[in-house]
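If you're wondering where the values come from, they're calculated on a predicted model, not measured in any experiment.
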Amino acid sequence: MSFREEVLFDLREKKFTGVVTQLGGDLIGYPIVSVNDVKEIYNVAYPTANNAVAKLCEAGYLKELTGRSYGRLFVCDRVYDVINNGNE
């Protein structure tokens, strides 16, 4: 099972839908995102984007990088590590 399939399967098992599953499936293309990035990419309101990012953090697929309350960045470590190290 690919990483994308694994994420989508897990998110569906957790009953997540909408932007949460869209972003989860797209983590390979966007291993580092901000809430504003999600808002723009998926053409949704800020609260919807923020909720999607929060749910992916809760599910363990994203973690906050900056330690700030404004302008936060989130990373998917598994994808980022593969990009930087070239292996899974």
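- Using a 4.5 Å heavy-atom cutoff, the side chains of I41 and L23 are not in contact.
- Contacts of D77 classified as side-chain hydrogen bond (donor to acceptor under 3.5 Å, both in side chains), with partners at least two apart in sequence or in another chain: K63.
- In the hydrophobic clustering of ILVMFWY residues, with side-chain heavy atoms under 4.5 Å counting as a link, L8 and F16 come out apart.
- When the options V75, V53, L73 are evaluated for a side chain to side chain contact (heavy atoms under 4.5 Å, CB included) with L62, the one that passes is V53.
- Within 6.0 Å of atom OH in Y46, more than 12 heavy atoms from other residues, nucleotides or ligands are found, so the atom counts as buried in its surroundings.
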Step-by-step side-chain contact (heavy atoms from CB on, under 4.5 Å) determination, K55 to N51: CA-CA 6 Å; K55 286 184 177 181; N51 184 49; 3.6 Å; yes
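- Between the side chains of S34 and D37, at least one donor N or O sits under 3.5 Å from an acceptor N or O.
- In this structure the side chain of L56 never reaches within 4.5 angstrom of the side chain of F74, judged on heavy atoms.
- By the criterion of side-chain heavy atoms lying less than 4.5 angstrom apart, applied directly or through intervening Ile, Leu, Val, Met, Phe, Trp or Tyr residues, V7 is grouped together with I28 in one hydrophobic cluster.
- Closest heavy-atom contact between A52 and V20: CA-CG2, 3.7 Å.
- Across all non-hydrogen atoms, the minimal contact from G25 to R4 is O-NE, 3.0 Å.
- Listed by first and then second residue, the side chain to side chain donor-acceptor pair (under 3.5 Å) pairs that reach into residues 20-31 are D26-Y42, sequence neighbours excluded.
- Nearest heavy-atom pair, K39 versus A49, reported as atom, atom and distance to 0.1 Å: N-CB, 3.6 Å.
- Considering every non-hydrogen atom in both G24 and L11, the closest pair reads CA-CD1, 3.9 Å.
- A side chain to side chain donor-acceptor pair (under 3.5 Å) with R72 is found for one member of N36, T66, N50 and no other, namely N50.
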